[in-house]
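Here's the structure, in structure tokens; my notes come after.
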Amino acid sequence: MLVFPGSNDERDAVWALGALGADAQLVWHAEEALPRDTAAVVLPGGFSYGDYLRCGAIARFAPVLEAVRDLAEAGGPVLGICNGFQILCEAGLLPGVLRRNRDLEFVCRDVRLRVERTDTVFTARCEPGQELSIPVKHGEGSWYADDDLYGELEAAGQLVLRYAEECNGSVGDVAGVCNKARNVFGLMPHPEHAVDPLLGSGDGALLLAALVDGARERTLAAA
Amino acid sequence: MKVTVLVRPKDGILDPQGEAVRGSLRKLGFAVGGARVGRLVDLELEAPSSAEAKAQVERMCQELLANPLIESFEIEVEGA
């Protein structure tokens with residue numbers, strides 16, 4: 001779990017991943033290497049580097065991002081949540097960009113999502129078309145791609161998650177996208193805040209547990 | 001050398017911030033047809049010539065100051 005100055009969801013995410021059986025550790029942005037045997041990386045939500053200039057624009061130059069790039073190129077699963085999604089887009093690891101919400105409103109509520117693709121590490125525990133309820137909390141989560149890029153991504157099956165209700169004005173109601181190789185995934189909703197039905201929904205656990213599955217498989221394959 | 005960078009939302013891209021500004025100005029009674037909100041960056045840098053300064057700042061724009069997916073940029077070198 002990477003931590004940038006201004007990250008604020010890393011503890012919830014570490015707790016959630018731990019509850020799902022992962023050994024999740026915090027890694028400061030200035031590190032040049034990931035801990036040995038790192039099987040997956042998560043970039044948490046928050047306001048890295050104060051979100052100055054554009055969300056994620058400065059975090060993408062963090063020293064640790066090089067190591068993340070290497071892991072992603074080697075096929076390791078990389079998940080970006082909210083600000084983490086913005087960073088991965090700015091870093092060019094995911095397509096598109098996150099812009100200010102269409103209605104300039106900070107949205108903070110549970111939203112219904114539809115799983116479009118289950119052929120990623122992150123959605124492997126979901127059914128195609130399954131609806132999930134997971135909270136969002138962002139002011140700049142309106143995903144944008146121009147028509148050409150959008151068409152390309154749709155044809156390649158990279159539009160993994162859509163809002164099943166109006167949320168922020170994202171093109172095609174896209175809530176989450178993956179890269180071509182399908183091992184890097186970013187989404188605006190916060191699965192780490194939805195891992196216990198007592199707190200409203202446990203649907204986020206479906207995504208995080210699938211990530212833990214993927215990381216475990218990778219660790220076993222390397223052993 | 002002083003260099004000013006103007007970053008604008010690309011033509012055709014919805015600019016909710018500009019829309020909100022336009023709405024407010026109209027409410028104040030100004031007959032504003034359209035408003036787009038961008039960003040201005042003033043830079044001071046050392047360069048042997050204004051052409052070289054412009055080339056440097058162009059790289060800065062491509063690598064950090066603007067996101068080419070949604071923003072266009074314009075560079076003004078003082079005295080050039």
Side-chain angles (χ1 to χ4, degrees), chain A residues 48-62 65-66 69 83 85-107 138-153 158 166-174 177 186, chain B residues 1-28 30 32-47 53-77:
Chain A
S48 58
Y49 300 92
D51 271 351
Y52 294 153
L53 202 60
R54 295 181 307 277
C55 304
I58 297 184
R60 86 170 214 254
F61 297 108
L65 253 281
E66 275 314 302
R69 215 179 273 277
N83 192 225
F85 184 16
Q86 295 163 338
I87 295 169
L88 292 174
C89 285
E90 282 283 344
L93 284 166
L94 285 176
V97 56
L98 281 314
R99 306 183 58 223
R100 205 171 284 243
N101 295 348
R102 192 184 49 207
D103 299 329
L104 295 175
E105 226 177 17
F106 189 96
V107 281
H138 60 248
E140 298 178 51
S142 183
W143 182 81
Y144 175 83
D146 63 24
D147 291 346
D148 290 348
L149 179 59
Y150 184 86
E152 229 173 82
L153 296 173
Q158 288 175 247
E166 176 43 42
C167 181
N168 55 26
S170 286
V171 171
D173 289 324
V174 169
V177 299
Chain B
M1 207 169 289
K2 283 191 173 164
V3 183
T4 299
V5 181
L6 297 166
V7 181
R8 295 189 169 89
K10 265 189 181 172
D11 283 344
I13 288 212
L14 178 72
D15 174 23
Q17 205 177 181
E19 281 300 305
V21 169
R22 188 185 76 107
S24 295
L25 289 172
R26 290 183 74 92
K27 249 179 228 153
L28 288 172
F30 296 103
V32 177
R36 313 271 291 166
V37 177
R39 189 184 313 120
L40 180 147
V41 185
D42 275 330
L43 298 167
E44 235 171 90
L45 73 159
E46 304 217 343
K54 191 166 180 182
Q56 273 190 39
V57 175
E58 202 152 320
R59 287 211 309 279
M60 294 180 200
C61 288
Q62 275 151 7
E63 286 178 32
L64 176 66
L65 298 178
N67 184 324
L69 286 176
I70 46 170
E71 294 168 331
S72 63
F73 59 84
E74 211 174 284
I75 300 166
E76 287 168 9
V77 183

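By convention in this document, chain letters (A, B, ...) are assigned in the order of the sequence lines, proteins followed by strands, and residues within each chain are numbered from 1.
- In this structure, B/V7 and B/A66 approach most closely via the heavy-atom pair CG1-CB, 4.1 Å.
- For the residue pair B/C61 and B/V5, the shortest heavy atom distance occurs at SG-CG1, 3.6 Å.
- Taking all atoms of both residues into account, the shortest heavy-atom contact from A/P95 to A/C89 is O-SG, 3.7 Å.
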Step-by-step side chain to side chain contact (heavy atoms under 4.5 Å, CB included) determination, A/L98 to A/C55: CA-CA 8 Å; A/L98 281 314; A/C55 304; over 6 Å; no
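- Contact check for B/L45 versus B/V57: side-chain heavy atoms found under the 4.5 Å cut-off.
- Minimum heavy-atom separation, A/A91 to A/L65: CB-CD1, 4.2 Å.
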Between chain A and chain B, going by a 3.5 Å limit, which atoms form donor-acceptor pairs, if any?
unit_1: A/L53; atom_1: O; unit_2: B/R39; atom_2: NH2; d: 3.2
unit_1: A/R54; atom_1: NH1; unit_2: B/L64; atom_2: O; d: 2.9
unit_1: A/R54; atom_1: NH1; unit_2: B/L65; atom_2: O; d: 3.2
unit_1: A/R54; atom_1: NH2; unit_2: B/L64; atom_2: O; d: 2.9
unit_1: A/R60; atom_1: NH1; unit_2: B/E63; atom_2: O; d: 3.0
unit_1: A/R60; atom_1: NH2; unit_2: B/E63; atom_2: O; d: 2.7
unit_1: A/E90; atom_1: OE2; unit_2: B/N67; atom_2: ND2; d: 3.2
unit_1: A/R99; atom_1: NH1; unit_2: B/L14; atom_2: O; d: 3.0
unit_1: A/R99; atom_1: NH2; unit_2: B/L14; atom_2: O; d: 2.6

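- Both the backbone and the side chain of B/L14 come within less than 4.5 Å of a heavy atom in chain A.
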